[in-house]
Number of protein chains: 2
Amino acid sequence: MRAKQTRRVDDALAALADPTRRQMIDLLRERPRRAGELAAAFDVSAPAVSRHLRVLRTRGLIEEEPAPQDARLRVYRLRQKPFQDLQAWLDEVEGFWTEQLDSFRALADARGRSRRPGGDR
Amino acid sequence: MRAKQTRRVDDALAALADPTRRQMIDLLRERPRRAGELAAAFDVSAPAVSRHLRVLRTRGLIEEEPAPQDARLRVYRLRQKPFQDLQAWLDEVEGFWTEQLDSFRALADARGRSRRPGGDR
DNA sequence: CAGATATTTAACTTGAAAGTTAACTATCTG
DNA sequence: CAGATAGTTAACTTTCAAGTTAAATATCTG
């Protein structure tokens with residue numbers, strides 16, 4: 001039913017697992033940027049940055065296009081879809097609290113959260 | 001000043017990077033579960049599951065408490081905060097499209113998106 | 001054309017992550 | 001108490017991600 005979506009969420013999460021890539025997203029969130037701009041922002045070598053960008057691209061989080069004025073430069077920008085997918089997944093997870101917590105937390109609070117009169121399960 | 005929040009988002013993303021852990025969240029989303037229940041759901045050994053749970057716990061995504069009736073059992077449940085933090089971060093990222101894309105894309109489209117025809121994407 | 005610039009690919013090293021089996025701890029049950 | 005059950009920790013192996021430097025590719029500039 002949602003195997004493909006699940007796959008995309010996993011892709012996005014895998015891509016975002018590395019803090020450097022996470023920060024790259026934060027930079028690209030402000031505006032599209034060239035590879036060199038990003039490389040300057042992080043204290044790692046250019047090849048390392050290049051590989052991070054490749055990961056982000058193959059996982060679908062960003063897209064690349066050559067800069068119009070100078071074809072040596074490559075400009076990277078965010079793609080929307082994976083972030084939408086992530087949000088959709090998080091909304092599902094949030095259901096845990098909106099659906100269940102009402103009844104559950106009411107019960108938990110009622111019994112003081114650490115005591116154990118038989119309640120759940 | 002959101003260094004601490006950034007840290008938490010990185011923690012959450014690191015914890016969710018592994019697809020097995022991602023699926024564990026999906027199971028815990030339905031209801032709190034024991035370690036053994038989760039182990040049964042995944043085709044890996046119990047120690048492997050135990051370690052995944054530890055990662056999820058130390059990164060703050062779940063919490064553990066002994067089951068009331070049988071202290072051998074440990075019940076794991078989702079914690080809300082990291083997911084809220086993630087959503088907050090995603091909302092920031094989404095700003096890219098709502099704030100900037102309007103003007104940016106309008107401009108890009110207006111000038112034909114690049115000097116070359118066709119190749120794009 | 002020669003040299004500089006931007007970025008990627010290649011080749012390699014290293015550290016950590018994830019899996020395994022075996023052993024340990026704690027708790028329950030007859 | 002003896003044995004079973006639930007789960008974790010220990011010790012080890014293997015795979016892989018991320019970093020590095022060096023070389024390659026492509027494009028711009030004088």
Side-chain angles (χ1 to χ4, degrees), chain A residues 10-25 27-28 31-77 114 116 118 120-121, chain B residues 10-25 27-28 31-77 114-116 119-120:
Chain A
D10 281 344
D11 273 342
L13 288 170
L16 295 171
D18 183 282
T20 299
R21 288 196 293 267
R22 227 295 311 285
Q23 282 181 258
M24 285 175 166
I25 298 297
L27 289 176
L28 292 175
R31 59 190 149 85
R33 300 190 187 243
R34 327 188 263 103
E37 248 178 302
L38 294 167
F42 300 95
D43 188 27
V44 290
S45 63
V49 168
S50 184
R51 184 125 44 98
H52 280 309
L53 289 170
R54 179 150 52 99
V55 171
L56 289 171
R57 185 167 46 75
T58 58
R59 302 271 185 174
L61 278 74
I62 64 177
E63 59 190 6
E64 176 240 298
E65 72 182 313
Q69 336 79 358
D70 184 339
R72 288 173 304 178
L73 316 181
R74 303 190 196 181
V75 174
Y76 291 90
R77 88 175 68 248
S114 64
R116 35 248 281 239
D120 56 312
R121 204 155 163 92
Chain B
D10 281 343
D11 274 341
L13 289 170
L16 295 170
D18 183 282
T20 299
R21 289 196 292 266
R22 227 295 309 287
Q23 282 180 258
M24 285 176 165
I25 297 296
L27 289 177
L28 292 175
R31 58 188 150 86
R33 300 188 189 245
R34 322 189 269 104
E37 249 178 300
L38 295 165
F42 299 96
D43 188 28
V44 291
S45 64
V49 168
S50 184
R51 184 123 48 94
H52 280 308
L53 288 170
R54 180 150 52 98
V55 171
L56 288 171
R57 185 167 46 74
T58 59
R59 302 270 186 176
L61 279 74
I62 64 176
E63 59 190 5
E64 176 239 299
E65 72 182 312
Q69 338 79 353
D70 185 339
R72 288 173 303 180
L73 316 181
R74 303 189 196 181
V75 175
Y76 291 90
R77 89 174 68 249
S114 88
R115 295 129 75 105
R116 324 177 165 185
D120 205 324

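Order of the sequence lines fixes the chain letters, A, B, ..., with proteins taken first and strands second; residue numbering starts at 1 for each chain. Note that the coordinates shown come from a computational prediction; the quantities given were computed from them, not determined experimentally.
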Of the nucleotides [options], which has the atom closest to the [X] side chain?
{"X": "B:H52", "options": "D:dA6, C:dG19, D:dT27", "answer": "C:dG19"}
{"X": "A:R21", "options": "C:dT8, D:dA18, D:dT27", "answer": "D:dA18"}
{"X": "A:P47", "options": "C:dT7, C:dT20, D:dT21", "answer": "D:dT21"}
{"X": "A:Y76", "options": "C:dT7, D:dG19, D:dC28", "answer": "C:dT7"}
{"X": "B:L73", "options": "D:dA6, D:dC28, C:dG19", "answer": "D:dA6"}

| query | Knowing that exactly one of A:R57, A:R77, A:R74 qualifies, which makes a salt bridge (charged side-chain N to carboxylate O under 4.0 Å, His left out) with A:E65? | reply | A:R77
Taking atom [atom2] of [N] as reference, at what distance in whole Å does atom [atom1] of [X] sit?
{"X": "B:Q69", "N": "C:dC28", "atom1": "CD", "atom2": "C1'", "value": "12 Å"}
{"X": "B:D43", "N": "C:dA18", "atom1": "CG", "atom2": "P", "value": "17 Å"}
{"X": "B:R54", "N": "D:dT9", "atom1": "CZ", "atom2": "C1'", "value": "8 Å"}
{"X": "B:R57", "N": "D:dG7", "atom1": "CZ", "atom2": "P", "value": "14 Å"}
{"X": "A:E37", "N": "C:dT7", "atom1": "CD", "atom2": "C1'", "value": "14 Å"}
{"X": "B:L16", "N": "C:dA18", "atom1": "CG", "atom2": "P", "value": "12 Å"}
{"X": "B:F42", "N": "C:dA18", "atom1": "CZ", "atom2": "C1'", "value": "14 Å"}
{"X": "A:L38", "N": "C:dT8", "atom1": "CG", "atom2": "P", "value": "10 Å"}

| Between B:L53 and B:E64, is any pair of side-chain heavy atoms under 4.5 Å apart? | no
| message | Could you tell me if the side chain of A:R31 sits less than 4.5 Å from the side chain of A:E37, heavy atoms only? | response | yes
| query | Is there a donor on the side chain of A:R72 or the base of C:dT7 sitting less than 3.5 Å from an acceptor on the other? | reply | no
| message | Does A:L16 form a side chain to side chain contact (heavy atoms under 4.5 Å, CB included) with B:L16? I'd like the steps, not just the answer. | response | CA-CA 9 Å; A:L16 295 171; B:L16 295 170; over 6 Å; no
| Between B:R33 (side chain) and B:L38 (backbone), is there a donor-acceptor pair under 3.5 Å? | no
| Closer to the 5' end of DNA chain C via nearest nucleotide, is it A:R74 or A:R51? | A:R74
| task | Give a yes/no on whether any side-chain N or O of B:S45 is located under 4.0 angstrom from OP1 or OP2 of C:dT20. | result | yes
| Which sits closer to the 5' end of DNA chain D, A:T20 or A:D70, going by the nucleotide each is nearest to? | A:T20
